[in-house]
Every structure is written in C-alpha cells, then in structure tokens.
Amino acid sequence: MQETYDAAKIEKKWQKYWLDKKIFETNNSTSENKYYCLVMFPYPSAALHVGHGRNYIIGDVVARYKMLHGYHVLTPMGWDAFGLPAENAAIKNNIHPKISTLNNIKKMKEQLREWGVCYDWKREVTSCLPNYYKWTQWLFLKLYENGLAYKNFAYVNWCPSCKTVLANEQVIGDGVCERCSSGVSKKPLDQWFFKITDYAERLLQDLDKLDNWPTRVKTMQRNWIGKSTGVELNFFIEDFDTTLKCFTTRIDTIFGVTFMVIAPEHPLVEKIIEISPEKEKIKSFVQSVMKESEQERMSETEKRGVNTGIRITNPVTKEKIPLWISDYVLMGYGTGAIMAVPAHDQRDFEFAKKYDLPIKIVIQPKDKEIVSSKEMAASWEAEGLQVNSGQFDGLHTDVSKDKMADFVEENEIGKRTINYRLRDWLISRQRFWGAPIPIIYCDKCGTVPVPVKDLPVILPEDVDFKPTGESPLSYVKEFYDTTCPKCNGKAKRDTETMDTFVDSSWYYLRYINPNDENSPFNTDDVNKWLPVDQYIGGIEHAILHLLYSRFITKVLFDCKHTGFDEPFANLFTQGMICKKSPTTGKLEKMSKSKGNVVSPDALINKYGADTVRLYTLFIGPPEKDAEWSDQGVEGASRFLKRCWRMFSENIDSIKEYLSTKKEIEDSLLSQKEKDLYVKLNKTVKKITESIENGFHFNTAIASIMEFFNDLTEYIRSSDNTATIVIGKSCANIIILLAPFVPHFSEEIWSILTDKGSSVFKADWPKYDERYLIEDIIEIPVQINGKLRGVVSATQYTTQEEIFELCKKNDNIVKYIKDKIIKKKIYVPKKLLNLVVV
RNA sequence: GCCGGAGUGGCGGAACUGGCAGACGCGCUGGACUCAAAAUCCAGUGACGGUAACGUCAUGAGGGUUCGAUUCCCUCCUCCGGCACCA
C-alpha cells in the first residue's frame, strides 16, 4: 500500500471501473427489493459549480448507501433540455440551441463523472430529442382526448422580456416573471390550457398521503391551491334581465350588503357601457386600469372605482343596491364579482369610506358593542351575533352561516360552492425551443389532434427564432402547411410550443423504458419501480414542477396507464450553497450573475473529488442553506489523509479480520479494547440513524471522525496493536465512509481484500446490541439542578449505591452537608439530582 | 397582514423523548520536529473571577411550568421563505 494518499491517481481508475463494471445499471427484471433514487433532472447549462454539486452528491450518497443495504437501486439521470436559456444564448452567440444544448450535456456528464457521481446511463433521457418529445406530444393528446386540454381566449400573463406567455405558477412575487424578473402584463390571447383545476381537490387531499414530504412544501401547495368553501349567490339585475353570480365565504353577512362590485375585465362591463348615460366616465376608468401592468395594479393600495348607475336586487333582503366597478376585485378569482359588506370586510370598508357608501352592521361582537357605523374605525371581520338580519337575529355566526346557506338553497337563489385559487395551467409558448403542440387547424374540420401514428411532430431545425412575440414556427411555411388528418384538405399546424414544465412532468416514467418506440413507458415496469422511493431536488420546485408532476401522474392513473396516483413517495429538498457576493456584498446563493461561484475543477485537482464530496456533506444539515468555505475543504482533506495513514499502518490487522471475520469474544478483550469496541458499536448505530433520519450526513461524518479520534488514541496508548478490534474498526470505517468518499473506500478495499470486488458489494456494518453500554458510566450529580460532580458507576449500580458514592465526593459533600435532602431524582444511567434545603 | 422555518463560542454547526450545553470541523494560541518554512504531531481554546480546586454567568429578549429547559407554554424582537385586495 502506498504511503500517501494520491487522490488524482485513484479517482480516475475507479470512475472507469464503475462504468466498465456497470455497477449502477439496473435491469427491469430485477425490480424486487427495489429502490428508485431520483435527483431532479437538470437544465443543461454550461458549467457546474459546487452549489449544484450538493444536489448530485446527496443523491449519489443515498444510492450508494442503499446499495450497501442490498437494494437494487435505480438511479437514472437525464436532461431537461428544452427551454429559453439555450434559445437566448443561441440568439446572442449565433449557435443553434440543439448544438449548444448537446455540448452542455457532454460537459455536464464529464463533470458529474469527475465528482464520482454515478448513474445508470443506459437510461439517459434528453427532453429535446424527438424520441422523447414524441411522448410529450402523446401526453398532450391524452389530455386532449380526456377533455383536459382546451383552447381558450383569455387575458393571460405576458412576459415582455421573454416574449412569451407564462402560467400563473411562473409569475412570482409582485407579478414578476419567475425566470427573468421582468414585470408581467396581461394580454388577450387564444391559448392552450391543461385543466389542472379538475384535480384541485385531489391534489389537495392527497397531500395528506405524502407523509414523507417536507411540511413546508405541502403547505406551499395547499396555499397555492387555496381552497375556500362558501356560497354562490345569484343577484338579479333588472336592467339586463339577468343574474350576476357572486361567491362569498361570508353568507352570514348577506343582510349587510350595501353595494356590489365587479372587476374591470368582467364581461358585464361592455353591456353597461352600451346603455349607461355615463358611458364615457366608465370607459375611461376601465381603460386606465387595464393599461396598467400587473405589478402596478398590485402595488396600488388605494382602491379606485366607478359607479355604474345600475341597481341590483339582494336576493335575500330584496333591497336595491348600486353596482360599482373597481380594481380591487379580480377577474381571476371566483366569478369576478363580489357582494360588498363594508361593516365586516376591511377592503369593502375602505372602499365605502372613500366613496361615501352606506355601512350596515349585521354582526355584533359578543363582549363589546359596536356603537354606530359612523364611528367605526375598521370593519369587524370576526364572529359574533346576528343583528339587523331578519329571522336570523340573535344567532351566533357559527350557526347562522349554515342556516343562511340552507335558506339560500331552499329558495333557489344560490348554492353552497367550493372555490379554488388554482387556475388552469397555460401551456402554450411563443418560443422556438420546445415541443410543438400536436394540433392541426382545418377550415372544414376545425381543431384536429395529430394522430398518434404521425408523432412526433418534428421541430424544424432551420428556423429564424428571434423572439418577436409571435411564435417563430409561424414563419416556417414548410412546418405549418399540412393536410388535415380527417379530410385530407389543406390545413395549418399549431405553431406554438409547450411549456417545458410539460416535458419535466413525466420524465421519471420515461427512465423505466427509455428506448421504447411504441409507448412512452411500459405500465407493468412502471408499476414495479414507482412511486419513486426518494426524490431529491431544490425547494424552488415546491409548486411548479412538483404540482404539475402530481397532476400528470393522476391523469395517467385515471387513464389506467399507471397504477399509482402519486409519483414521489419521499421528497427531500436540499438547501442552497451560498457565498458572499463581491457584487452585492451579501451572502447569496451561488450563481454566475452574483459572481460568487466556486468551480469544482480546481478543488478536485488540488484535493480530489472525495475531499470535495466529504466537505460538501459535512458543511451542515443538507436541508438547510450553507455557506461555502474554502478553509473547510482543508479539514476534509486532512481527515482523509489521516485515515489513509491509519489504514496503511494497520493493514495486517485489517486483512486478518477481513479474511477470518472472527467474532469478537468478550473474554479475550482487555478493558481498553472492550471500551473501544463498545464505541465502535455505538458509532455504527449513530451513523446509521443519522442517515436514516433525515439524511443528516454532517453528523454521520462527525461520528466517524469522533470514533477515528478514539481509535487513534487507543493505538497510540496501547501495547497490543495487532488486535482483531482494530481490524474490525478499520474495516467498518472503510464501509461507513464508502457512500461519502467512494473512490477512497474502493481503493483501500481493493488493497485489503485482494478480490477485485467493489466495496459496494459489501454489507453495511451492523451493531451488536450487547455492546452498546460502557462498563463504566459517568453519572453527573446535580444539587438543586446544578452540576456539582461526577461519579463513576456501572450500568448495574443502584440509586442508593450512587448516593453512597456521592458521599465520598468532596465537592458534592460540600453542598449536602448540614443540609436536608428533600428529594432524590435518579434517571437510570443518566443523572442524579439531589434537592436540598 | 396570514402561514411556515430559524436565531447556540471568533466561524460552520452538535445535543435522542426535558437530563453533564458547545460533539465534529475550521480558525486561533502555545509546544515538538526542522538550519528555516510548509506539512505533520501534541496541548489548550464560550465569557468573567481564581495559581489551582472551583465558582458565577451564558443557547435572540422577557416571563412561566419543572428537581432540572437550547428542548414545553405565553409575550416580544430580528432574519429567511411562501401567500396576500382570493371576496
């Protein structure tokens, strides 16, 4: 064995070995005792930094750890290869997105290999290639066939910088684009939607099944779906001889409605303008609101409105109330119309105050009385007793809510309804680098889906894809000119492409049968491997990707293509790696634009991949953000060097143990050896638990280091260093380290076993229950809760015996002599507390 | 405003179910080796007092429950994330 640890030399060797021996390849026929370990497939961008690395390293550790437990581990990788960055880069550098994307993939694969991160590459998928997007198009047709894909003319989110529309989920914060942070505006367009709202209730309910998802993610999805229960009421408008539907969660306030408000986009607005004597005033108000961007509208806190002059009948009280138009009512939620109850809704209250509209109190708080509406400083939104509410007077709102809903339903003026905040998923994009929507428009036959046998609809390569706001494909005659699959007449293709989140909503299924030319996946195979046992990725996908994937899985389940309705059984979201940014001066997520990236290349050159891996895992709990420190890497490197030396100095003991696997016999152990052996067993237990319990690799590694320090100390101070305990300790450390520093462990293992067998074929060490308690345990003794001394005992020492020992401890005696001992609290094997006065 | 999560040495972070706060690592200090440096090894390292034994204080702040609280409860402060004119 070589004296010093030479990472560069051994790492290349083992990377080749893993590839050649295909130890990460998994067969669909061996899926019993299966473990599907999945890392979110990345967008292939140019160069990876150590922040990206954390994600892949965690996945790799999990896969290797499970292998050591004898699982058939499926650990595939692929590329979310369609998308805007490649297209934008292409425009800037004049390289075709396909070329730059495939180049980036090549580079990234190389980097992953250098990190020692391994996958079953035989299953690689690339979403921008026709053999993949053919099935993305198939998925579209499936949804279309089931009435879950529809085209609709609507006000949609438009990003002026990306020059494309966006799904609601892609508009974040105060109305900015998820990708480029530009302010998003509204644009009326005819677009394709997936009917995710049909699945709102199931997407919400089934979150309860996901016990092993972070609560944070589930909460975010719950908020996003935004379920609220209430009543939909019909208000009659005489002028139009029609009813205005309006949703409320506060039917108990129906007697307090003093006006109605509709959104500026509400379809009724047009009709009102036609007949209103004040049409100019209304028109100019609506126009001034509509021309504002989402961002401007949202930042506007002052509510603005205009009276339409139209009067509406409250269906319960029969009162006539005015109809207003205001920007504080959103067309996107409920029906775009509200009943305003200024006394019991703060927004309505502010609006009423501004425009001097009446305020009518219908709920009195129990303990204090609201004197008069004129003196009200704010609305009363909480519960109370009904007043001015006809036959409901005196009822508590808990009761009246139900009674009033009954009344509404009995009189057929409305019905109980559930409303969701979730909107349908807009999937059309006016960009080039995506999967074409497989739809043909025929003058005779209308909208005709492309027959499955004609898939894929190939994305043409020679296209001028400068973003104009129109889809680039709409300028490619050879692409859009086609014949109708129904009547064979002249027809035109849809020229828009699909949101890349459609590509990524099903890729985890394609890994199972990546080369199947006749179907996206094989149902039996998929049912064997899925749900994914462990999904690993960034928190930024909490809503977008994870919600869409859950939706698509449920659709495929309903179509009987799969036998499971949730794709990911366990989800782990890792924290970001941060570093102080020289541009902002703050701690920021590692990114090129912040100028704070650390490239793995130089570090791997200097220390080796195992050192970088070890440090990345040791940096902190993996679910939390962490700050990168180049000095910290130094510590990891030192530890591996010390380990190497330890193994090379004790090579004979380890070989001896490995060749005989001799049982440790209590009677043959010296006390010091036994203490060390107990420590080894405790360490194995602790490490295993740290990993099983939330992937706490940081504490697992700390435990290995701690045991290693004890072992070093033992060897230094002992005469007998050729012992089986040392052999077993070292052999166990090698395997315990293997998931974290695989090249290192493989190399040592191969030297010690001479069998050319991979350490990943070995078994994870087991601990022996009989060796978890030390012979001598230190019992801390407290007096009145303060530590005053420590006595040595064994696990059999009784409370009384420990108390007797205390009387021999000078410092403890100091505190108990001349005192009355009121109480003795003994926690077996842990602590003794004496309460004295 | 609402809903999550967090706040512990000079730094990253440990602490099972309420039981010795600061594991492990970084940094720092001193020492050994060396002509010297690097590397390595050894010792020390929360603050204050003390030569020391030891004592007092200390887990964002303030209260409470308890023999005992980083851990449980209440009030408040700060930071991060999500949602937010959602009727």
Side-chain angles (χ1 to χ4, degrees), chain A residues 4 172-174 214-224 226-228 230 246-250 253 261 263 297-298 300-303 326-330 332-341 344-348 350-351 419-422 539-540 542-543 575 587 614-615 618-621 623-636 638-639 641-642 645 685-686 689-690 693 696 698-709 712 716 778-790 810-811 814 822-827 829-836:
Chain A
T4 51
I172 55 163
D174 296 329
T215 6
R216 190 161 56 131
V217 174
K218 289 192 277 187
T219 311
M220 280 163 76
Q221 292 210 359
R222 265 186 210 110
N223 283 343
W224 189 259
K227 179 181 181 173
S228 54
C246 140
F247 175 75
T248 179
T249 54
R250 294 298 304 273
T253 63
V261 191
R297 251 174 99 168
M298 281 173 148
E300 191 68 60
T301 43
E302 179 89 340
K303 301 173 198 344
S326 170
D327 59 346
Y328 84 94
V329 174
L330 309 172
Y333 184 78
T335 59
I338 63 153
M339 53 178 236
V341 187
H344 306 293
D345 182 289
Q346 190 56 26
R347 296 155 300 179
D348 299 343
E350 283 162 20
F351 194 79
N419 234 301
Y420 300 92
R421 211 186 71 99
L422 181 71
I539 187 73
E540 66 273 19
I543 296 169
L587 200 61
L614 191 66
Y615 174 66
F618 187 64
I619 195 166
E623 73 279 8
K624 284 198 198 144
D625 292 352
E627 186 185 349
W628 185 267
S629 137
D630 287 331
Q631 274 178 335
V633 183
E634 201 74 51
R638 244 176 265 171
F639 175 68
K641 281 187 205 153
R642 286 167 65 206
R645 208 169 50 232
K685 182 168 192 264
K686 206 172 160 221
E689 283 170 357
S690 291
N693 172 24
H696 284 138
N698 56 328
T699 51
I701 292 166
S703 305
I704 301 179
M705 289 173 167
E706 193 182 335
F707 177 66
F708 181 86
N709 292 342
T712 312
R716 205 157 55 110
E778 306 269 272
I779 304 289
V781 179
Q782 298 183 335
I783 313 293
N784 291 343
K786 291 202 173 186
L787 181 74
R788 296 302 181 192
V790 177
D810 290 345
N811 201 48
K814 225 164 78 189
K822 255 180 79 182
K823 211 170 167 185
K824 293 177 198 159
I825 294 138
Y826 179 59
V827 185
K829 295 176 227 171
K830 282 263 170 69
L831 162 143
L832 177 71
N833 187 12
L834 303 171
V835 185
V836 303

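Residue numbers start from 1 in every chain, and the chains themselves are labelled A, B, ... in the order their sequence lines are given, proteins ahead of strands.
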Looking only at side-chain atoms of [X], point me to the closest of [options].
X      : options             : value
A:R421 : B:C83, B:A87, B:G19 : B:C83
A:E706 : B:C24, B:C85, B:C67 : B:C24
A:W224 : B:A87, B:C20, B:C83 : B:C83
A:L330 : B:A87, B:G82, B:C67 : B:A87

Name all residues meeting the ring-ring contact (aromatic ring centres under 6.0 Å, His included) criterion together with [X]; count only those two or more places apart in sequence or in a different chain, and write none if there are none.
X      : answer
A:Y420 : none
A:W628 : A:Y615
A:Y333 : none
A:Y328 : A:F351

When the distance from [atom1] of [X] to [atom2] of [N] is rounded to whole Å, what number comes out?
X      : N     : atom1 : atom2 : result
A:I701 : B:C24 : CD1   : C1'   : 10 Å
A:E623 : B:G4  : CD    : P     : 19 Å
A:N784 : B:U66 : CG    : P     : 15 Å
A:F708 : B:G25 : CZ    : P     : 10 Å
A:K218 : B:G82 : NZ    : C1'   : 16 Å
A:D630 : B:G25 : CG    : C1'   : 15 Å
A:Y328 : B:A84 : OH    : C1'   : 16 Å
A:N419 : B:A87 : CG    : P     : 8 Å

Evaluate the side-chain proximity of [Y] to [X]: yes if any heavy-atom separation is below 4.5 Å, no if none is.
X      : Y      : result
A:N784 : A:V836 : yes
A:N419 : A:K227 : no
A:R642 : A:N709 : yes
A:T253 : A:M339 : yes

Would you say the rings of A:F639 and A:F708 are close, in the sense that their centroids are separated by under 6.0 Å? yes

[atom1] atom, [N] versus [M]: distance in rounded Å?
N     : M     : atom1 : value
B:U34 : B:U40 : C1'   : 12 Å
B:G10 : B:G82 : P     : 32 Å
B:G1  : B:A23 : P     : 40 Å
B:U51 : B:U70 : C1'   : 34 Å
B:C72 : B:U78 : C1'   : 23 Å
B:A47 : B:U59 : P     : 15 Å
B:G46 : B:C35 : C1'   : 40 Å
B:A58 : B:C77 : P     : 23 Å

Just by protein heavy atoms under 4.0 Å, how would nucleotides 39-46 of chain B read 5' to 3' in B, S and -? -SSSS---

With sugar-phosphate taken as primed atoms, P, OP1 and OP2 and all else as base, the protein-contact string of nucleotides 5-18 of chain B at under 4.0 Å (heavy atoms; B, S, -) is -------BSS----

State the CD1-NZ distance between A:I783 and A:K786, to the nearest 0.5 angstrom. 12.5 Å

Just to be sure I understand the rule, does [X] reach a base, reach only the sugar-phosphate, or reach nothing, if contact means heavy atoms closer than 4.0 Å?
X      : value
A:V341 : nothing
A:D810 : nothing
A:V827 : base
A:S629 : nothing
A:G635 : sugar-phosphate

Go through the steps to decide whether A:R788 and A:V781 satisfy the test side chain to side chain contact (heavy atoms under 4.5 Å, CB included), and finish with yes or no. CA-CA 6 Å; A:R788 296 302 181 192; A:V781 179; 5.9 Å; no

B:U66 OP1/OP2 closer than 4.0 Å to side-chain N/O of A:N833: no

Taking only side-chain N and O atoms of A:K303, does any of them lie within less than 4.0 angstrom of OP1 or OP2 on B:C85? no

With sequence neighbours left out, write down each residue that passes side-chain contact (heavy atoms from CB on, under 4.5 Å) with [X], or none if nothing qualifies.
X      : answer
A:K830 : A:V827
A:N223 : A:T219
A:Q782 : A:L831, A:N833

Runs of at least three Watson-Crick or G-U pairs with RNA chain B, cut-off 3.5 Å: B:1-7 with B:77-83, B:10-12 with B:24-26, B:27-32 with B:40-45, B:46-49 with B:54-57, B:60-64 with B:72-76

Can you check whether A:I619's main-chain N or O pairs, donor with acceptor, with A:N698's side chain at less than 3.5 Å?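 Checked: no pair found.
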
Quick check: does any side chain N or O of A:D348 sit under 3.5 Å from a backbone N or O of A:V341, one acting as donor and the other as acceptor? yes

Judged by modelled atom types alone, do A:T699 and A:S690 share a side-chain donor-acceptor pair under 3.5 Å? yes

Show each protein N/O and nucleotides 48-59 of chain B N/O combination with a separation under 3.5 Å, one pair to a line.
{"unit_1": "B:G55", "atom_1": "OP1", "unit_2": "A:R788", "atom_2": "NH1", "d": "3.1"}
{"unit_1": "B:G55", "atom_1": "OP1", "unit_2": "A:N811", "atom_2": "ND2", "d": "3.4"}
{"unit_1": "B:G55", "atom_1": "OP1", "unit_2": "A:Y815", "atom_2": "OH", "d": "3.0"}
{"unit_1": "B:U56", "atom_1": "OP1", "unit_2": "A:R788", "atom_2": "NH2", "d": "3.2"}
{"unit_1": "B:U56", "atom_1": "OP2", "unit_2": "A:R788", "atom_2": "NH1", "d": "3.2"}
{"unit_1": "B:C57", "atom_1": "OP2", "unit_2": "A:K786", "atom_2": "NZ", "d": "3.0"}

Take atom CZ in A:R222; do more than 12 heavy atoms of anything else shown fall under 6.0 Å from it? yes

Least distance between heavy atoms, A:A337 atom then A:V329 atom: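 Scanning both residues, the minimum pair turns out to be N-CG1, 4.1 Å.
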
Just confirming the chi classification of B:G9, syn or anti, using 90° around 0 as the syn window.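 This nucleotide is in syn.
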
Both A:S228 and A:F639 contact RNA chain B. Taking the nearest nucleotide for each, which residue is further toward the 5' end?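 The 5'-side residue here is A:F639.
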
Along RNA chain B (nearest heavy atom to each residue), the more 5'-positioned of A:M705 and A:R250: A:M705

Interface polar pairs with nucleotides 69-73 of chain B, N/O, under 3.5 angstrom:
none

